[in-house]
Amino acid sequence: MALSPDIMKTYGRIDIAFTHGKGSFLFSEDGNKYLDYATGIAVNAFGHSHPDLINALQDQASKLWHVSNLYKIPEQDKVANLLVKYSCANQAFFCNSGAEATEGAVKVARRYAWSKKDTERDEILCVTGAFHGRTLAMLAANDRPLFREGFGPKVPGFSHAEWGNIEDLKKKLNNKVAAVLIEPVQGEGGARKAPINYLKEVEALTKENGSLLISDEVQIGMGRSGKLFAYQNENIEPDIIALAKGLGGGFPVGAVLAKSEVGDAMVPGTHGSTFGGNPLAMRAAEVVINLIIEDGFLETLNEKIKYLDTKINSLIKNQTNNLENHNEILFVKAKGYGFLRGIELSEKFSVADFSTEARKKGLLLVGAAENTIRILPPLNTSFEEIDLAFLKLKELAQELYKKND
Ligand SMILES: *Cc1c(COP(=O)(O)O)cnc(C)c1O
């Protein structure tokens, strides 16, 4: 099956096409079944074909798809109300993707400073290893020159402090900084969890400096951290939150949440999105939020997270058992938290090769920076499916050792 020459070559695509999905499994054209722990890069929060999502979308599809934000959209009111009720924010703006959410967050932060006549304060302080999307401005917020190469001048107004280094951040905070933009756990950056207390200290420093704190929860938000929002694990209150990926459970939708004082800087005409928050997207998001906040759901999810932890730790610990000639370990260390987990692999094994081999065993995973393989299960995966994933990983490890010995 050749890749189509009619499609721009922006992706190094894997030569598999899926025909349908059910729960945590995907089925391909050539008749294979895969345990999907890649979830479309943390998008299919409730796996595939969830009956509530199908019902909501079918119902809405037969009524109304799009009207534009020229009119009231009651479906938006419902979702905004849920997001506000369960977060520290008071307002929501809806868009269609992660990059739009982070860009929107940056616009809100700058506009807030501007509205307070603090017009010099327009810089966004980011951290090394960050990934905030692919628009021109977000390329400057990211920390990978490779992504930026060949795309003209770097958009000004973005600087970087070293990830996890509070002293460096302190040094780089000044009265020009409108906001610190940060992921509570870096997804693309290699499933890197912030060091303990780091975000709390970042929050304190931003407050002291009169800057805002933007939590980019595009990947870790919407339950993936074990709480609805990741910041809730850190005992902090960001001023702005960017959401997307899991929010629509597979339907494209993003959101910028803000405290009212900050969000009020945005008045009619200052920002917009033609498609943003259309009724179909809102029905999907409403279902996803309701599933997460349902009684007992997060408790069970946290048990599964603990179970996943023990599985990862024992995979790493037991990898050398029953091996005689191994000269190098495969799994270096566990990374991330919640259901945004990673395992860093030894340099001898590339993540690309590892995910190819995992796929051959019917397990879908995603690579990340730092030679890290990401494990992104659907939030409603079962304990049995976690067992299955780790059985496959264990077998795979044994095969790879044999090859390399
Ligand atoms: C994926 C991602 C983005 C960009 O999302 P898109 O929908 O691809 O634009 C931004 N921030 C984080 C943390 C992400 O993981």
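In each ligand, atom 1 is the first atom listed, and ligand 1 is the first ligand listed.
- At least one cation-pi condition fails for R359 and Y34: the charged atom is not both under 6.0 angstrom from the six-membered ring centre and inside a 45 degree cone around its axis.
- The aromatic rings of F46 and H50 sit perpendicular, their planes meeting at an angle over 60°, well past the 30° parallel limit.
- Closest non-hydrogen pair, S215 versus P184, comes out as OG-CG, 3.4 Å.
- Checking only distances, T102 never comes within under 3.5 Å of ligand 1, N or O to N or O.
- At a heavy-atom cutoff of 4.0 Å, ligand 1 is contacted by both the backbone and the side chain of S97.
- Those atoms of ligand 1 that come under 4.0 Å of a heavy atom in D216, given as number and element, are 10 (C), 11 (N), 12 (C), 13 (C).
- The option with the heavy atom closest to atom 14 (C) of ligand 1, from among H132, E103, K245, is K245.
- Atom numbering of ligand 1 starts at 1 in the shown order; those under 4.0 Å from a heavy atom of E183 are 13 (C).
- Judged purely by atom type and a 3.5 angstrom limit, N371 uses its side chain to pair as donor or acceptor with the backbone of V351.
- Close approach of ligand 1 to G133 (heavy-atom distance below 4.0 Å) involves ligand atoms 4 (C), 10 (C).
- For atom 7 (O) of ligand 1, the nearest non-hydrogen atom of the protein is G98 N, 2.8 Å.
- Note on ring orientation: taking the six-membered ring where Trp is involved, the planes of H271 and F93 are tilted (angle from 30° to 60°).
- Applying side-chain hydrogen bond (donor to acceptor under 3.5 Å, both in side chains) to H132 and the options N142, D143, T102, D216 leaves one that passes, D216.
- Here is the list of ligand 1 atoms found below 4.0 Å of a heavy atom in A99: 4 (C), 5 (O), 6 (P), 9 (O).
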